[in-house]
**Q** 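I am attaching a structure below and will ask some questions about it afterwards.
Proteins come first, then strands; the chains are lettered A, B, ... in the order of their sequence lines, and each starts at number 1.
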There are 2 protein chains.
Amino acid sequence: MPKSRPPTIADVARHADVSIATVSRVLNGTTPVQADKADRVRLAMEELQFVPRHAARVLASKRTNTIGLLLPEISGDFFSPMLKGIEAAAHEAGYDLLVHSTQQVEAARRRLGEHNTDGLLIFTNSLAPSELHRLHSFNFPVVLLHQTPPESLDIPVIAIENKDGAAMLIDHLIKEHGRRHIVYLRGPEGHEDSVWRERGYREALEVHNIGFDSELIASGGFDDEEAFTAIQGLLAEGIDFDAVFAGDDDAAIGAMRALKMAGHRVPQEISVVGFDDVPFARYLSPALTTVRAPIEQVGREAVRQLTRLMNGEHAETLTLMRTELVIRESCGCLSSGTNGQEESTRR
Amino acid sequence: MPKSRPPTIADVARHADVSIATVSRVLNGTTPVQADKADRVRLAMEELQFVPRHAARVLASKRTNTIGLLLPEISGDFFSPMLKGIEAAAHEAGYDLLVHSTQQVEAARRRLGEHNTDGLLIFTNSLAPSELHRLHSFNFPVVLLHQTPPESLDIPVIAIENKDGAAMLIDHLIKEHGRRHIVYLRGPEGHEDSVWRERGYREALEVHNIGFDSELIASGGFDDEEAFTAIQGLLAEGIDFDAVFAGDDDAAIGAMRALKMAGHRVPQEISVVGFDDVPFARYLSPALTTVRAPIEQVGREAVRQLTRLMNGEHAETLTLMRTELVIRESCGCLSSGTNGQEESTRR
DNA sequence: GGAGTTGTTGAAAGCGTTTTCAGAAAGCGC
DNA sequence: GCGCTTTCTGAAAACGCTTTCAACAACTCC
């Protein structure tokens with residue numbers, strides 16, 4: 001009882017009557033140790049309530065066993081499932097997770113960059129390209145989420161199949177509901193997801209021999225309000241359309257509101273579809289037809305690729321996660337009771 | 001160019017022609033350093049792209065500058081804003097954030113417990129009481145979120161004003177809408193929030209001299225489906241009621257569905273109110289009247305109390321964050337356009 | 001002009017692990 | 001039995017910082 005300091009590996013060694021090297025070995029399982037000694041060590045650790053100092057291990061071994069997650073901001077329906085996937089996969093792989101919402105890159109770099117982390121997960125553009133270059137220049141493990149690297153640096157990317165998803169949606173509107181004048185509400189300027197969704201939109205039109213009409217493109221900003229305004233604008237201009245692909249679910253809400261307010265019936269007169277399948281999509285009335293992205297899987301996959309990199313293996317340059325059509329009511333498909341049952345098509 | 005190893009404090013010292021102690025001092029600002037030397041040091045750090053090894057600092061200083069967050073699972077509308085508050089406050093206070101969703105307590109303890117973290121934030125019951133005792137026994141800084149400590153250990157707690165919020169809601173239903181037979185759907189067994197909400201419910205009834213009727217209490221599990229079933233049950237039994245306090249917003253959705261399916265009009269015949277004000281509450285039809293909890297603030301406050309503890313100061317034993325009534329349509333108040341404008345009463 | 005002060009500095013002792021290295025013990029083939 | 005591996009083990013050297021300690025210089029005050 002005399003000493004009050006928390007036990008160190010040396011205390012354990014003394015207690016078990018072995019060297020500290022041996023204790024370290026049973027702790028890490030790096031080298032076989034005689035069974036009886038190993039047992040003594042384990043017992044001693046138990047009795048002394050020994051908890052190894054992480055910092056000391058890192059310093060000595062030069063491996064931090066930690067991965068850093070850098071994101072622009074914590075919010076929205078995207079964030080929670082993605083973090084869930086990342087957290088789970090990271091811990092399964094034996095890594096701890098350091099989370100940094102990037103405001104001051106400098107601070108983040110100091111703590112999350114090289115030396116202090118074994119690898120970095122970077123969501124959208126939360127890190128300056130120059131930093132990306134720097135890290136890449138000495139092969140620091142980095143994986144990008146929902147963002148392609150600048151200037152074709154070969155940094156692995158995980159993203160979702162925006163193009164396919166959008167094409168499925170548009171295809172459905174055309175084939176099942178005979179829509180031909182479909183509005184597309186773009187997301188924020190420079191948003192990669194938006195660009196790909198638009199590409200899917202165009203390709204689907206082409207497949208069905210429907211000409212692209214720039215009058216049908218407006219800016220929805222992936223945002224409720226902005227989409228609301230955009231649709232009001234289109235209506236005011238007297239543009240003729242029979243469906244709206246809102247870019248994402250938030251914008252779909254705004255679009256629906258604007259249409260209803262103007263006295264148009266959704267989906268009888270005009271179909272509205274979103275993208276993302278956020279939790280409340282099913283609770284809208286009419287329930288929203290949209291595309292579901294496997295966000296949690298994106299997180300897991302990102303960690304998987306990152307661990308590869310950290311192990312010196314080769315990682316996939318681009319991983320596109322499949323998206324899935326979620327058909328509800330807002331496209332014009334029939335509601336199946338108030339329960340909002342849904343049909344979904346894999347692709 | 002000869003050496004390829006990343007620069008250490010020694011390299012910086014050599015480069016700036018000072019001792020490593022001096023470099024350390026300008027790095028930490030612990031002791032004044034002559035201006036010209038300090039400049040040389042800063043210049044050297046810049047030129048060498050020096051990034052201090054976190055582990056070495058921790059080992060030498062015995063302060064990890066890291067706080068750990070332990071939670072049962074990452075999900076739901078609760079999580080995202082709370083983490084946002086925690087993350088922001090932690091970094092503002094100069095701490096890093098280690099996130100652990102607790103599956104195996106053992107692993108979590110090893111990495112998050114004493115020595116490896118300066119303090120711990122614990123959400124609901126993600127840590128065994130015995131561990132709590134252990135940590136408390138040597139004064140390890142811990143703050144609990146939405147959970148009161150076992151056996152009156154004096155561990156600081158941050159929670160929201162469930163009772164007041166519920167009482168405001170019930171009061172509103174009675175005073176503004178003349179409801180007198182109000183159902184309460186309990187949350188999961190043993191859920192503290194649920195217990196307090198029920199207490200608020202009862203007190204509000206009492207204030208208005210309405211007797212408590214146990215027939216009006218059912219189990220909603222804070223869950224869509226379970227609430228749906230519960231309301232169907234009440235209807236089947238022929239219980240008479242004119243309002244439902246669903247316990248939380250998820251349950252409110254289920255309750256509304258069940259009522260509509262049975263042909264009851266909400267809110268004309270029966271009012272429905274929730275709790276939490278999750279993002280989609282405003283998009284339901286009718287838009288949900290509920291109570292908003294300042295979740296992000298809870299996170300910030302938790303960090304604030306924890307930093308106090310870590311600085312050896314005294315922390316508030318119990319912090320109850322104010323809740324706020326959010327009146328929309330589902331209680332019977334008039335809709336103000338499709339826009340879902342809302343009125344809110346502070347308390 | 002001497003005795004305190006005050007301000008700044010470097011040397012060196014840790015901090016608690018992992019890992020290298022060489023040695024001891026044990027097993028093996030003949 | 002005698003060399004040779006193979007296993008296991010401990011001593012000791014890192015790992016890269018912070019912090020204590022003593023020293024030095026420059027002031028300040030009588």
**Q** Does A:Glu313, at its CD atom, have more than 12 non-hydrogen atoms belonging to other residues, nucleotides or ligands within less than 6.0 Å?
**A** yes
**Q** Write down the distance between CG (A:Asp11) and P (C:dT17), rounded to a whole number of angstrom.
**A** 9 Å
**Q** For A:Asn65 and C:dT17, what is the distance between atoms CG and P respectively, to the nearest whole Å?
**A**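 Going from A:Asn65 (CG) to C:dT17 (P), I get 15 Å.
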**Q** Assign the ring pair A:His91 / B:His100 to parallel, tilted or perpendicular, where the plane angle (0 to 90°) is split at 30° and 60°.
**A**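 Rings of A:His91 and B:His100: parallel, as their planes differ by under 30°.
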**Q** Look only at the side chain of B:Gln297 and the backbone of B:Met321, and say whether a donor-acceptor pair between them is shorter than 3.5 Å.
**A** no
**Q** Kindly say if A:Lys62 contacts the phosphate of D:dA14, meaning a side-chain N or O under 4.0 Å from OP1 or OP2.
**A**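 Checking A:Lys62 against D:dA14: no side-chain N or O falls below 4.0 Å of OP1 or OP2.
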**Q** Tell me the bend of the helix from C:dG1-D:dC30 to C:dC30-D:dG1 as the angle between end helix axes, each from five pairs, rounded to the nearest 10 degrees.
**A**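 Comparing the axis at each end, I get an angle of 30°.
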**Q** How many Å lie between CG on B:Leu59 and P on D:dA14, as a whole number?
**A**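 Computing the B:Leu59:CG to D:dA14:P distance gives 17 Å.
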**Q** Would you find a donor on one side and an acceptor on the other, under 3.5 Å apart, between the side chain of A:Asp118 and the backbone of A:Ile67?
**A**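 Answer holds: no.
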**Q** Please report, rounded to the nearest Å, how far the C1' atom of D:dA14 is from the CZ atom of A:Arg57.
**A** 17 Å
**Q** Taking atom types as modelled, is there a side-chain donor on B:Asn28 or B:Arg57 under 3.5 Å from an acceptor on the other?
**A** yes
**Q** Within this structure, what is the CE-to-C1' distance between B:Met45 and D:dC17, rounded to whole angstrom?
**A**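 Nearest whole value for this atom pair: 14 Å.
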**Q** Which class fits the ring pair B:Phe79 and A:Phe79: parallel under 30°, tilted 30 to 60°, perpendicular over 60°?
**A**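 Because their plane-to-plane angle is under 30°, the rings of B:Phe79 and A:Phe79 count as parallel.
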**Q** What N/O pairs connect the protein and nucleotides 23-28 of chain D at under 3.5 Å? Give each pair on its own line.
**A**
none

**Q** Give the minimum heavy-atom separation between B:Leu309 and B:Ala315, together with the two atoms involved.
**A** CD1-CB, 3.4 Å
**Q** Locate the shortest heavy-atom distance separating B:Phe123 from B:Leu71; write the atom from each residue and the value.
**A**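 Reported closest heavy-atom pair: CB-CB, 4.0 Å.
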**Q** Would you kindly give the CG-to-P distance between B:Asn116 and C:dG16, to the nearest whole Å?
**A** 12 Å
**Q** By the definition side-chain contact (heavy atoms from CB on, under 4.5 Å), identify the one residue from A:Ile158, A:Val142, A:Ile86, A:Val143 that meets it with A:Leu306.
**A** A:Val143
**Q** Just how far, in rounded Å, is P of D:dT19 from CG of B:Leu27?
**A**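 One finds 11 Å between P of D:dT19 and CG of B:Leu27, rounded.
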**Q** Under the side chain to side chain contact (heavy atoms under 4.5 Å, CB included) criterion, do A:Tyr95 and A:Val303 qualify, and how do the steps go?
**A** CA-CA 10 Å; A:Tyr95 288 91; A:Val303 172; over 6 Å; no
**Q** Under 4.0 Å between any heavy atoms, over every strand shown, what does A:Ser61 touch: base, sugar-phosphate, or nothing? Just pick one.
**A** sugar-phosphate
**Q** To the nearest Å, how far apart are B:Arg63 CZ and D:dC17 P?
**A**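 In whole Å, D:dC17 P and B:Arg63 CZ are 17 Å from each other.
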**Q** Under 3.5 Å between N/O atoms: give me all the protein pairs with nucleotides 5-10 of chain D, atom names plus distance.
**A**
residue, atom, partner, partner atom, Å
D:dT9, OP2, A:Gln34, N, 2.9
D:dG10, OP2, A:Ser19, N, 3.2
D:dG10, OP2, A:Ser19, OG, 3.1
D:dG10, OP2, A:Thr22, OG1, 2.6
D:dG10, N7, A:Arg25, NH2, 2.6
D:dG10, O6, A:Arg25, NH1, 3.4

**Q** Where the side chain of A:Arg53 meets the backbone of A:Val51, is there a donor-acceptor pair that is under 3.5 Å apart?
**A** yes
